[in-house]
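Structure, as structure tokens:
Starting from 1, each residue takes its place in the sequence as its number. Because the structure is predicted, anything quoted here is derived from the model rather than measured.
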Amino acid sequence: MTDHNIAKTILDSQDFAKSPEAWDAYPDQLPESFPLLQVITAPLLSNDGSDHRRLRSLIGKAFTARRVEALRGRVEEIAHELLDAMPTGQSVDLRRHYARPLPIRVISELFGLDAPHDRERLADACDALLDSNVTAEQASTAHRVLHEVITSLIEQKQHQQDDDDLTSALIRARDEEDRLSHQELHEMLFLLLIAGMETTQNLIVNSALALLDHPAELGLLFAGVANYAAAVSETLRYDSPLNTLMFYFALREVTVGDVTVRKGEAVLFCLTAIGRDPRTTADPDVFRLDRPPAQMRHLSFSHGPHYCLGAQLAQMEAETALRVLFTHRKVTTQESRASLPRMASLSSQSAACLPVQLADWLAV
């Protein structure tokens, strides 16, 4: 699906479900090795109605505007630490040394994953699962690592009753309130940790690259004419951190606009194409920070009942990362979006690396 308005209608429609039980191909026509099986059956992503609302309510309070704003100072501290550790005067990969570790540290602290070794193992496993080029053996190893790290985290937090991280809150919901099964606890941690790491690092890379590709727009930030929130919003439209939004299944035959979806069919949403839909955005292939908000519409965080819980956190992290980066360093690159290798992934949509040169503004 590439039409913005039709996609938005489907995402908000009761004629479609997220549960794969509504898909004609599930489960008999899917091989056991189907790489998206865990994604399409994960809690939050595959539940509908009251069951979905129950799961969202367990973590929704952690992602309110007030809670996210309270994290801004800590995110800025992490950004400064990472930036200070990056060398000046030589090429450095902005993804590897800045965009990737920042959300890893933020989401790990939120969920109480304290050991740096476990954070890296988890992040590496997430990368492998989202890489279309990994072998079945590599994918199996990544699943095993994820299971080990999350199981260890749950066991550790069960003995630390006074912790106020999200893992401890979910354990209390399982043990004291009977609102969550053990399997749901494990699978929710799997989903939330992956989502909190992958999407945000792509958003930071895509935003930084778009600004470097469009120096006149970067100049608007320096002049105070535009702000970093606008830069992130325009990136979400122009160069979404996700290739696709998977999947919605038709509960009955439905016609939306000029598109008819038969009962049991799956709908896949192509997010960058939706963001560049000329029917909703003027000059959609142009990156512009002076667009009115109505012209920056996107569906990168979905829409409707399954709108991403962490959307505000991801945007705040990206805004903060960009502001710290461009305010405290002069950033240049010899690359462009067209010249850089892309991530091999059905879901992630970003450059695989972003070589830049950093210089202190006082030394320029």
Side-chain angles (χ1 to χ4, degrees), residues 17-21 26-27 36-68 70-71 74 103-123 125-126 129 140 142-200 246 301-302 305-314:
K18 285 289 288 177
S19 171
E21 298 292 342
Y26 180 82
L36 301 178
L37 190 60
Q38 187 163 4
V39 174
I40 67 172
T41 57
L44 283 181
L45 290 184
S46 64
N47 291 33
D48 299 293
S50 60
D51 208 26
H52 178 247
R53 290 191 294 273
R54 171 180 61 86
L55 295 175
R56 282 180 72 97
S57 70
L58 296 176
I59 56 172
K61 292 180 181 178
F63 296 102
T64 62
R66 175 180 291 183
R67 290 292 297 273
V68 168
L71 293 170
R74 178 58 184 148
I104 289 173
R105 287 178 62 176
V106 171
I107 201 70
S108 295
E109 288 183 9
L110 271 176
F111 282 89
L113 183 61
D114 299 325
H117 175 64
D118 283 341
R119 293 178 180 182
E120 281 302 314
R121 291 181 71 212
L122 187 72
C126 291
L129 288 181
S140 177
H143 276 292
R144 176 180 55 76
V145 170
L146 280 166
H147 178 78
E148 289 174 357
V149 173
I150 291 173
T151 299
S152 175
L153 176 62
I154 293 171
E155 291 175 351
Q156 173 192 345
K157 294 300 176 180
Q158 285 178 151
H159 302 294
Q160 299 173 354
Q161 298 296 325
D162 296 331
D163 285 3
D164 60 356
D165 55 79
L166 288 183
T167 301
S168 298
L170 289 173
I171 290 172
R172 286 192 291 273
R174 180 198 64 182
D175 295 345
E176 300 172 14
E177 304 167 27
D178 197 27
R179 299 171 65 195
L180 191 68
S181 70
H182 181 74
Q183 181 177 353
E184 287 173 335
L185 168 63
H186 199 283
E187 292 180 348
M188 281 183 70
L189 287 172
F190 164 82
L191 172 64
L192 293 166
L193 287 165
I194 287 183
M197 293 180 180
E198 190 69 23
T199 304
T200 306
M246 304 175 282
F301 294 120
S302 192
H306 284 267
Y307 183 76
C308 176
L309 277 166
Q312 292 183 87
L313 177 60

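Using the six-membered ring where Trp is involved, His143 and Phe190 have ring planes that are parallel, under 30° apart on the 30 and 60° scheme.
In this structure, CG in Leu58 is found 5.5 Å from CE in Met188, a value given to the nearest 0.5 Å. How far OG1 of Thr41 is from CG of Asn47: 10.0 Å, rounded to the nearest 0.5 Å. Between the CD1 atom in Ile40 and the CD atom in Glu21 there is a gap of 10.0 Å [rounded to 0.5 Å]. Separating the NE2 atom in His147 from the OG atom in Ser152 is a distance of 11.0 Å, to the nearest 0.5 Å. From Leu166, atom CG reaches atom CD of Glu109 across 12.0 Å, with rounding to the nearest 0.5 Å. The line from CG of Leu146 to CD of Glu187 is 12.0 Å long, rounded to the nearest 0.5 Å.
Taking the side chain as every heavy atom from C-beta outward, Leu193 and Val149 never approach each other to under 4.5 Å. The shortest side-chain heavy-atom distance between Ile171 and Arg174 falls under the 4.5 Å cut-off. Using a 4.5 Å cut-off on side-chain heavy atoms (C-beta onward), Phe111 and Ile150 make no contact. Using a 4.5 Å heavy-atom cutoff, the side chains of Thr200 and Val106 are not in contact. The shortest side-chain heavy-atom distance between Ile154 and Thr151 does not fall under the 4.5 Å cut-off. Met197 places a side-chain heavy atom less than 4.5 Å from the side chain of Leu122. The shortest side-chain heavy-atom distance between Leu313 and Leu110 falls under the 4.5 Å cut-off. Considering only heavy atoms from C-beta on, Arg105 stays 4.5 Å or farther from Ser108 through its side chain.
The shortest heavy-atom contact between Leu170 and Leu180 is O-CD2, 3.6 Å. In terms of heavy atoms, Lys157 sits closest to Ser168 at CD-OG, 3.6 Å. Closest of all the heavy-atom pairs between Leu113 and Arg119 is O-NE, 2.7 Å. Of all heavy-atom pairs spanning Pro20 and Ser46, the tightest one is CD-CB, 3.9 Å. A pairwise comparison of heavy atoms in Leu45 and His306 identifies O-CE1, 4.1 Å as the closest pair. Tyr307 approaches Phe301 most closely through the heavy-atom pair CD1-O, 3.3 Å.
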Test side chain to side chain contact (heavy atoms under 4.5 Å, CB included) on Glu148 and Arg121; report intermediate values, then the result. CA-CA 10 Å; Glu148 289 174 357; Arg121 291 181 71 212; 2.7 Å; yes
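Remark: side-chain polar atoms of Arg56 are paired, donor with acceptor, to backbone N or O of Pro305 under 3.5 angstrom.
Dense packing is recorded around CZ of Arg74, with more than 12 heavy atoms of other residues, nucleotides or ligands lying under 6.0 Å away.
For residues 37-52, the salt bridge (Lys or Arg N to Asp or Glu O under 4.0 Å) pairs, not counting sequence neighbours, are Asp51-Arg54.
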